Amino acid sequence: MSNPKADPGQLLPANPKNKSALMSVLQALASLKITVVLFCLSMFLVLVGTLAQATEGIWTVIDSYFRSFYVFIPFKAFLPPAWFPNFDVHAFLDRNNIPLHGIYFPGGKAIGVGLMINLIAAHSARFKANGTPSGIISGSISVLIGLLFTALIVAGASYSDGVQDEPMVSYAFIWRTMLSTTIAFAAALTGMIFLIDRRKSLEIILLIIGVLLSITAAIGLFVLGSMYEQMESAMRIVWQLAQATIVGCVLLLGCSLIFKNRGGIVLLHFGIGLMMVNELFVGMYAVEEKITAAMGETTEYAYNTQEVELSITVRDKDNDRVVSIPFQQLRDGKKIKHELLPFEIDTVAYFPNSKITSKSERGEVDFVTVKNKEVQIKPTSGRGLYTKAIEVPRVTGADKNQQVDTASVYISVKQENNDKTNVLLLSQYFSDLIGTKGWDDGANTEKLLIDGTVYEFNLRFRRTLKPYQLTLISAKKDSYAGSDSPSEYGSTFTILDKSSKEQQTAVISMNNPLRYKGETFYQAGYNERPSGNGKRIPISTLQVVTNQGWMIPYVGCMYVVIGMIAQFGGGLLKFSERVQKRSRKKAAESSQPELKNL
């Protein structure tokens, strides 16, 4: 008995005997069902992470929900306080010991890795190199060239060797090239309208739309004229996107030579994968800090408002040494010893967020709650003699003022050579709030004299010493007419490289960041403080972001756009061709009876 003959275009089931074990695994991992499930899990995680910001800080949520492999989701997260404006549901549950636990759920990292595996498996199992041998070789070379230039675009955007510079061509040339390219594109589309077959109505409509859009863009570029001189930051992005577009076309050519009609979707998926890898890279290596400087002052370090440290400065005659203790050791209550310190530190109580109040009597005992137990603490010196710290809820991601936590800690300092123990109250309120906000003159620290050496204790935002010095030359704030709301911040700094002694001047404003040695400086704030002569001294705050791959999302988005245009444009043209074939076939069939009648 012979096998039935397959219809043209019919896909016959694969022979199970010929299917390798690896292909079976790849096809299972490439299942669309897995894709749908992972997308549903990600949407649920986004929902829960959004609700969790009602009671947790935004960075806590990002780290625990989206940058972890798993997360414990408490059921209380589904009861945000905003839903119960007249009833504190969380306090009610805690007060009555109502068991309301939670579930473990895949975190953002786990879902992202799963989606990446699913995407790679789909391409490995379903996408075959069906080009000609010479086309596959040429396409592979084109793809390798595109990947090389992709890496160069991303690396070149970080300016790791110094301050950002001008592109190889001027912004005026880029603007004129955009204008002339748009006009040439409109002229080319217009010519195609006159040359195309009149029966291709869909293509004609698309060409007319393209001409209208191109003419509109050309008119806009012409009318704006020299606006590029006032949009330096935007033109810098345009230059990077122009490079990404050219490289994307090279990659599209290579993918099309290798995969033919599926070249567009391969490039599209590559752009999506690039952005997914970038998020993993950002979570692991990106750092956000701040630099604050007053007019005429120089600073050489940044501080991280997401982390706290206990700094102990050892004041010697020759030089000062600083011992930094991360907040994790304070939070966990570990005994702290260091080779430079002749004493041992114990954490009595640590409050991630707190407020400071005055005592009714100097030296009275503080009653604080530590791990649901009331503890008596009596500071022996410093500000703890007349103030006390009270723990308050942490600042949440839904806080409209977007404030930061103010940590406080009670520590005991036990000397090694005797049994003397000092108890100190340290708080960011003393150093980062009423203090100098960024520079450290020792005026707001707690001091102990041990064995003839002065030790200064300070609880502050974690600081990072930079390989450069910033000096604020001027700062300004422009407000909207009739209002104190700022419309523009701006600062002028000098940047001194410590190693090369090279000095440069840079202007930073709200819409014009500075990129220098792999870091991006954004204007984040403006303040003033009184001086001794009655005048007010401007203070400028910069947001400093270290993200070597900041250009990856722009490049990935351009690859996705180019891939979508190629894939869906090609599919649309194929659809139009099929419609026209059917129309011509029907016309030919309808004309045959007329010929017979003749």
Side-chain angles (χ1 to χ4, degrees), residues 3 6-45 66-70 105-148 150-151 248 251-281 283-284 552 555-556 559-560 562-564 566-568 570-571 574:
N3 292 328
D7 295 333
Q10 181 182 359
L11 293 177
L12 294 177
N15 188 347
K17 296 181 180 180
N18 297 330
K19 186 186 296 185
S20 65
L22 176 60
M23 185 57 66
S24 299
V25 173
L26 289 175
Q27 288 181 348
L29 293 174
S31 173
L32 187 59
K33 295 179 181 179
I34 295 179
T35 309
V36 174
V37 169
L38 290 173
F39 273 120
C40 291
L41 292 177
S42 64
M43 288 189 290
F44 180 77
L45 185 67
F66 303 112
R67 292 178 179 172
S68 62
F69 284 100
Y70 68 92
F105 196 80
K109 276 187 178 179
I111 295 175
V113 170
L115 285 170
M116 182 62 71
I117 293 174
N118 178 255
L119 182 61
I120 294 174
H123 278 265
S124 302
R126 299 172 186 159
F127 288 71
K128 305 299 180 184
N130 52 1
T132 62
S134 60
I136 292 176
I137 295 174
S138 302
S140 300
I141 295 174
S142 179
V143 169
L144 289 175
I145 293 174
L147 294 176
L148 174 62
T150 298
L251 286 171
L252 177 62
L253 174 63
C255 293
S256 299
L257 289 173
I258 298 173
F259 300 100
K260 288 191 174 181
N261 297 333
R262 287 190 167 189
I265 198 168
V266 171
L267 180 60
L268 188 156
H269 286 166
F270 175 70
I272 294 175
L274 204 60
M275 289 186 284
M276 292 172 64
V277 172
N278 174 71
E279 173 55 29
L280 180 63
F281 181 85
M284 295 174 62
I552 294 178
V555 176
Y559 292 173
V560 169
I562 294 171
M564 290 180 65
Q567 187 66 29
F568 294 114
K574 287 183 179 179

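Computed from a predicted model, the values in this text were never measured in an experiment.
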Gap between atom [atom2] of [Y] and atom [atom1] of [X] - 0.5 Å precision:
{"X": "L251", "Y": "S256", "atom1": "CG", "atom2": "OG", "value": "10.5 Å"}
{"X": "H269", "Y": "C255", "atom1": "NE2", "atom2": "SG", "value": "12.0 Å"}
{"X": "H123", "Y": "K128", "atom1": "NE2", "atom2": "NZ", "value": "12.5 Å"}
{"X": "L252", "Y": "Y559", "atom1": "CG", "atom2": "OH", "value": "11.5 Å"}
{"X": "L38", "Y": "K33", "atom1": "CG", "atom2": "NZ", "value": "14.0 Å"}
{"X": "I137", "Y": "T132", "atom1": "CD1", "atom2": "OG1", "value": "9.0 Å"}

Would you name the heavy atoms of [X] and [Y] that are closest together and state the gap between them?
{"X": "I258", "Y": "G139", "answer": "CD1-C, 3.6 Å"}
{"X": "K574", "Y": "N261", "answer": "NZ-ND2, 2.8 Å"}
{"X": "V560", "Y": "M275", "answer": "CG2-CE, 3.9 Å"}
{"X": "N130", "Y": "K260", "answer": "O-CE, 3.4 Å"}

Look only at the side chain of S142 and the backbone of S138, and say whether a donor-acceptor pair between them is shorter than 3.5 Å.
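Between the backbone of S138 and the side chain of S142 there is no qualifying donor-acceptor contact (under 3.5 Å).
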
Without swapping roles, check the side chain of S42 against the backbone of F39 for a donor-acceptor pair under 3.5 Å.
yes

So do [Y] and [X] actually touch side chain to side chain, heavy atoms under 4.5 Å?
{"X": "I272", "Y": "L268", "value": "yes"}
{"X": "I136", "Y": "L257", "value": "no"}
{"X": "I265", "Y": "F127", "value": "yes"}
{"X": "L29", "Y": "N118", "value": "no"}

Run the side chain to side chain contact (heavy atoms under 4.5 Å, CB included) check on L280 and M116 step by step: do they pass?
CA-CA 11 Å; L280 180 63; M116 182 62 71; over 6 Å; no

Reference residue F105; test ring-ring contact (aromatic ring centres under 6.0 Å, His included); the match among Y70, F69, F44, F66:
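Exactly one pass, corresponding to F44.
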
Please evaluate residues L267 and I562 with respect to the criterion side chain to side chain contact (heavy atoms under 4.5 Å, CB included), reporting the C-alpha separation (whole Å), side-chain torsions for both, the decisive distance (0.1 Å), and the verdict.
CA-CA 8 Å; L267 180 60; I562 294 171; 3.8 Å; yes

For M564, look at atom CE and say whether over 12 heavy atoms of other residues, nucleotides or ligands are found less than 6.0 Å away.
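Result for CE/M564: open.
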
Checking L147 against F270 for the side chain to side chain contact (heavy atoms under 4.5 Å, CB included) test, could you report, in this order, the C-alpha distance in whole Å, the side-chain angles of both residues, the deciding distance, and whether it holds?
CA-CA 11 Å; L147 294 176; F270 175 70; 3.5 Å; yes

Could you tell me which residues satisfy salt bridge (Lys or Arg N to Asp or Glu O under 4.0 Å) with R67, sequence neighbours excluded, listed by chain and number?
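For R67 the salt bridge (Lys or Arg N to Asp or Glu O under 4.0 Å) partners, ignoring immediate neighbours, are E279.
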
